[in-house]
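By convention here, the first residue in the shown sequence is residue 1. Computed from a prediction, not measured in an experiment: that's the story for all the values here. Quick note: numbers below take in every heavy atom, side chains included, and nothing from hydrogens, waters or symmetry partners.
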Amino acid sequence: MEDQATAAATEAERKLREMWRAYKESEEGDVRLRNCIIERYIPLVRRHAIRIRAKLPREIQLDDLISAGTVGLIDAIRNFDPDRGVKFETFCVPRVEGAMYDELRAMDWA
């Protein structure tokens with residue numbers, strides 16, 4: 001059972017690497033591939049939005065943070081270079097959280 005889970009995880013990682021390669025080799029960034037990559041990392045955006053939301057007043061909506069974080073994710077996808085040897089998660093988290101904090105600053109009238 002554990003071997004099947006390991007094999008499935010290895011296959012998923014291989015497919016993700018192949019998707020990144022194809023996306024970066026596409027002329028202007030294939031939107032279909034970019035959307036597949038977004039779907040893969042949306043749980044990461046949601047996880048960080050929930051963590052940030054826990055420290056905020058009730059008026060701040062989780063969906064607003066997720067939307068802002070998704071914009072940060074798209075920017076991170078556009079700027080990521082897989083050949084540099086850095087994990088995408090390490091690269092994108094500061095951008096996702098930064099986009100959320102930028103949105104919070106934009107919401108604050110003071």
Side-chain angles (χ1 to χ4, degrees):
M1 180 92 116
E2 204 170 298
D3 291 336
Q4 289 177 342
T6 303
T10 302
E11 180 64 17
E13 286 298 317
R14 186 193 64 72
K15 285 182 180 180
L16 185 60
R17 279 192 309 272
E18 185 63 28
M19 202 179 332
W20 271 111
R21 185 194 59 72
Y23 174 72
K24 288 301 180 177
E25 288 177 357
S26 63
E27 190 87 8
E28 294 181 16
D30 185 344
V31 174
R32 184 184 58 80
L33 288 171
R34 185 198 68 195
N35 290 344
C36 289
I37 294 170
I38 290 171
E39 287 177 19
R40 166 65 172 80
Y41 290 104
I42 268 301
L44 180 138
V45 172
R46 183 172 174 73
R47 188 170 48 247
H48 285 275
I50 289 170
R51 188 179 57 78
I52 290 171
R53 170 64 185 84
K55 302 173 190 174
L56 298 172
R58 292 180 186 229
E59 294 81 27
I60 305 300
Q61 299 295 314
L62 179 63
D63 289 340
D64 292 338
L65 291 175
I66 292 172
S67 294
T70 302
V71 171
L73 176 63
I74 291 168
D75 185 53
I77 290 169
R78 186 179 312 117
N79 294 313
F80 181 64
D81 182 3
D83 295 331
R84 297 188 118 195
V86 176
K87 287 181 68 173
F88 179 71
E89 292 88 343
T90 304
F91 180 80
C92 82
V93 166
R95 284 150 186 82
V96 167
E97 288 183 349
M100 290 179 194
Y101 288 126
D102 287 346
E103 180 66 19
L104 289 171
R105 281 190 285 275
M107 288 179 183
D108 187 16
W109 60 270

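Here I60 contributes atom CD1 and K55 contributes atom NZ; the two are 14.5 Å apart, rounded to the nearest 0.5 Å. Note: C92 SG to R95 CZ = 8.5 Å, rounded to the nearest 0.5 Å. Residue I74 holds its CD1 atom at 7.5 Å from CG of N35, rounded to the nearest 0.5 Å.
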Review point. Would T10 and E13 count as a side chain to side chain contact (heavy atoms under 4.5 Å, CB included) if you check the C-alpha gap in whole Å, the side-chain angles of each, and the deciding distance to 0.1 Å?
Key: CA-CA 5 Å; T10 302; E13 286 298 317; 5.8 Å; no

Review point. Hey, mind stepping through E25 and D30 against side chain to side chain contact (heavy atoms under 4.5 Å, CB included) and telling me if it holds?
Key: CA-CA 9 Å; E25 288 177 357; D30 185 344; over 6 Å; no

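Using a 4.5 Å heavy-atom cutoff, the side chains of Y41 and V93 are not in contact. Between S67 and D64 there is no side-chain heavy-atom pair separated by less than 4.5 Å. Side-chain contact between R105 and D102 is present, with heavy atoms from C-beta onward closer than 4.5 Å. Residues L104 and L65 meet the side-chain proximity criterion, which asks for heavy atoms closer than 4.5 Å. Looking only at side-chain heavy atoms (C-beta outward), F88 and L16 stay at 4.5 Å or farther from each other. For the pair L62/R46, a side-chain contact is recorded, criterion being any heavy-atom separation below 4.5 Å from C-beta on. Side chains of D81 and F91 form no contact here, defined as non-hydrogen atoms less than 4.5 Å apart.
Checking side-chain atoms of K24 against main-chain N and O of M19 turns up no donor-acceptor pair under 3.5 Å.
Residues near V31 contribute nothing to a hydrophobic cluster around it, because no ILVMFWY side-chain heavy atom sits closer than 4.5 Å to its side chain.
Taking all atoms of both residues into account, the shortest heavy-atom contact from V86 to F80 is O-CZ, 3.2 Å. When every heavy atom of G69 is checked against every heavy atom of V96, the shortest pair comes out as O-CG2, 3.8 Å. Counting all heavy atoms, side chain and backbone alike, T70 lies closest to I42 at OG1-CD1, 3.5 Å. Scanning all heavy atoms of the two residues, the minimum distance from A68 to A99 falls at O-CB, 3.2 Å.
Hydrophobic clustering keeps V71 apart from I38 (ILVMFWY residues linked when any side-chain heavy atoms are closer than 4.5 Å, directly or through intermediates).
In summary, E18 and K15 do not engage in a salt bridge, as defined by a charged side-chain N under 4.0 Å from a carboxylate O. Salt-bridge annotation for E103 and R53: absent, with no side-chain N of the basic residue lying under 4.0 Å from a carboxylate O of the acidic one.
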